[in-house]
There are 2 protein chains.
Amino acid sequence: MSESIKRAMKISQLAKVTNVASKTIRYYEDIGLLPTAYRNDNGYREYSASDVERLVFIRRCRELKIPLEQIKTLIAVQLDQKSSCQEVDTLIEQQLDKVRKTIAELTLLEQTLHTLATSCPNDRVGDCQILKNLQQEKIS
Amino acid sequence: MSESIKRAMKISQLAKVTNVASKTIRYYEDIGLLPTAYRNDNGYREYSASDVERLVFIRRCRELKIPLEQIKTLIAVQLDQKSSCQEVDTLIEQQLDKVRKTIAELTLLEQTLHTLATSCPNDRVGDCQILKNLQQEKIS
DNA sequence: ACTTGACCTTACTGTTACAGGAAGGTTTAT
DNA sequence: ATAAACCTTCCTGTAACAGTAAGGTCAAGT
C-alpha cells in the first residue's frame, strides 16, 4: 500500500508526473503518437509506467523542437531492435542544422532591427526615420 | 505614352513589383491590412502607386517578422500625423527583444543537440546513447 | 467563329501543435 | 444530497498563408 509504483493512473496523474497537459496527451493519442489507451469500466483512460516513459521521451524531443512527425519516426526506430541508430543520428543532425540556420537568420534580423531601433531621433511621425526606413526596399 | 508611371495595374502586376504573391495580397485585403481594392468593370482588382508603397512597407515589416496585427498598428500610426513615433519605437524595441530571447533559447538548444549528436558511438539501436539520453528527464 | 492559354474571381481545405470551451457523465468528499 | 473535481467527446480558434476546385474574362491565333 505504501508502494509508489503506480500500476494504473488516470490521465491527470500521467499529466502531472510527465508535465504534459491532459489535453496534449489525448491529442497525442488521436494522432497516433501514443498507443490507444486502455479504458476501464467507466470509460476513463488508464496508464502505466511504460506510458510515462514514452511520454517523457516525447516531451524531451519536443523540448528540442523536434516535430511530432519525426518523433513518430524515432519511436518506430526505437521499437525496431534490428534497425541501426544511423537514422537517429541523421535526424538529430538535421535538427541541429535547422536550429543553426535559424540562429543565423535571426542574428541578421537582430542587426537590422537594432539599426532600425536606433535610427530615429525624432518625435513626430512625419519625420520618423524608422517608418521611412521601412518604406525602402532595403535598410541602409 | 512613354511614361512608366502606372496609373492602374492588376493584381499580378502588383505582385511582381512588390514581390508579394497575389494570394497573399488578397489575404491582406481580407483581413483589412490593405484597403478594399477598387474593382474595374470586369470585377478585377485595380491598384495604383500608393498600393505599391503600402505593400512594400508591409513586406519589409514581414521580413522583420513583425506580426500582421502589429503591422496594422504601424500603419495606423503612420496615417495619423499627429501621433508621436514613440509607439513605433516601442514596437521595434519589443520585436528586437523577442528576437534576442529566441536567439538565446535556440543557442541553448543548439548546445543540447550538439551534445546529443556526439554522444552515440554505437551502431545498434539497443545501445544508442542518443535514445537513452532522450529517455532521461535532463541531458547530462 | 472558335479555341487555347493566361489571367482573374470566390470559397474551401490543409498546415503545426496544441488551447479553450461547451455539454454531459462519474466519482469523491462533505 | 449536493457540490467539487474529475473524466469524456466534439467543435472552434490560433498565424500566415498555400493549394486546389470551379468558374468567369480577355487577347491572340487559326
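The chains referred to below are lettered A, B, ... by the order of the sequence lines, with proteins before strands, and numbering in each begins at 1. Only heavy atoms go into these numbers, but all of them, side chains included; no hydrogens, no water, no symmetry mates.
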*Asks:* Report the residue (B/K23 or B/I66) whose heavy-atom-nearest nucleotide on DNA chain D is the more 5′ of the two.
*Replies:* B/I66

*Asks:* Under 4.0 Å, counting only non-hydrogen atoms across every strand here, what does A/I11 touch: a base, just sugar-phosphate, or nothing?
*Replies:* sugar-phosphate

*Asks:* Would you find more than 12 non-hydrogen atoms of other residues, nucleotides or ligands less than 6.0 Å from B/Q129 atom CD?
*Replies:* yes

*Asks:* Rounded to whole Å, please give me the gap between CG in B/L64 and P in D/dA16.
*Replies:* 14 Å

*Asks:* Establish, with yes or no, whether the OP1 or OP2 oxygen of D/dG24 is under 4.0 angstrom from a side-chain nitrogen or oxygen of B/N42.
*Replies:* no

*Asks:* From the options C/dA17, C/dT9, C/dC7, select the nucleotide whose nearest atom is closest to the side chain of B/S12.
*Replies:* C/dC7

*Asks:* What is the separation between atom OH on A/Y27 and atom P on D/dG13, rounded to the nearest whole Å?
*Replies:* 18 Å

*Asks:* Tell me the interatomic distance from B/I71, atom CD1, to D/dC17, atom C1', rounded to whole angstroms.
*Replies:* 13 Å

*Asks:* Are OP1 or OP2 of D/dT25 and a side-chain N or O of B/R39 less than 4.0 angstrom apart?
*Replies:* no

*Asks:* Provide, to the nearest angstrom, the distance between the CZ atom belonging to B/R62 and the C1' atom belonging to D/dC17.
*Replies:* 9 Å

*Asks:* Between B/Y44 and A/K10, just flag the one whose closest nucleotide in DNA chain D comes earlier from the 5' side.
*Replies:* A/K10

*Asks:* If only side-chain N and O atoms of B/T24 are considered, is one of them under 4.0 Å from the OP1 or OP2 phosphate oxygen of D/dA18?
*Replies:* yes

*Asks:* Atom CD1 of A/I25 and atom C1' of D/dT8: how far apart are they, to the nearest Å?
*Replies:* 15 Å

*Asks:* Does NZ in A/K16 sit with more than 12 non-hydrogen atoms of other residues, nucleotides or ligands closer than 6.0 Å?
*Replies:* no

*Asks:* So what does A/R45 touch, heavy atoms closer than 4.0 Å: a base, only the sugar-phosphate, or nothing?
*Replies:* sugar-phosphate

*Asks:* Select from A/P67 and B/G43 the residue whose nearest nucleotide in DNA chain C is closer to the 5' end of that strand.
*Replies:* B/G43

*Asks:* Identify whether the distance between the nearest side-chain nitrogen and carboxylate oxygen of A/K101 and A/E105 falls below 4.0 Å.
*Replies:* no

*Asks:* Is it true that A/Q135 and B/Q78 share a donor-acceptor pair across their side chains at a distance under 3.5 Å?
*Replies:* yes

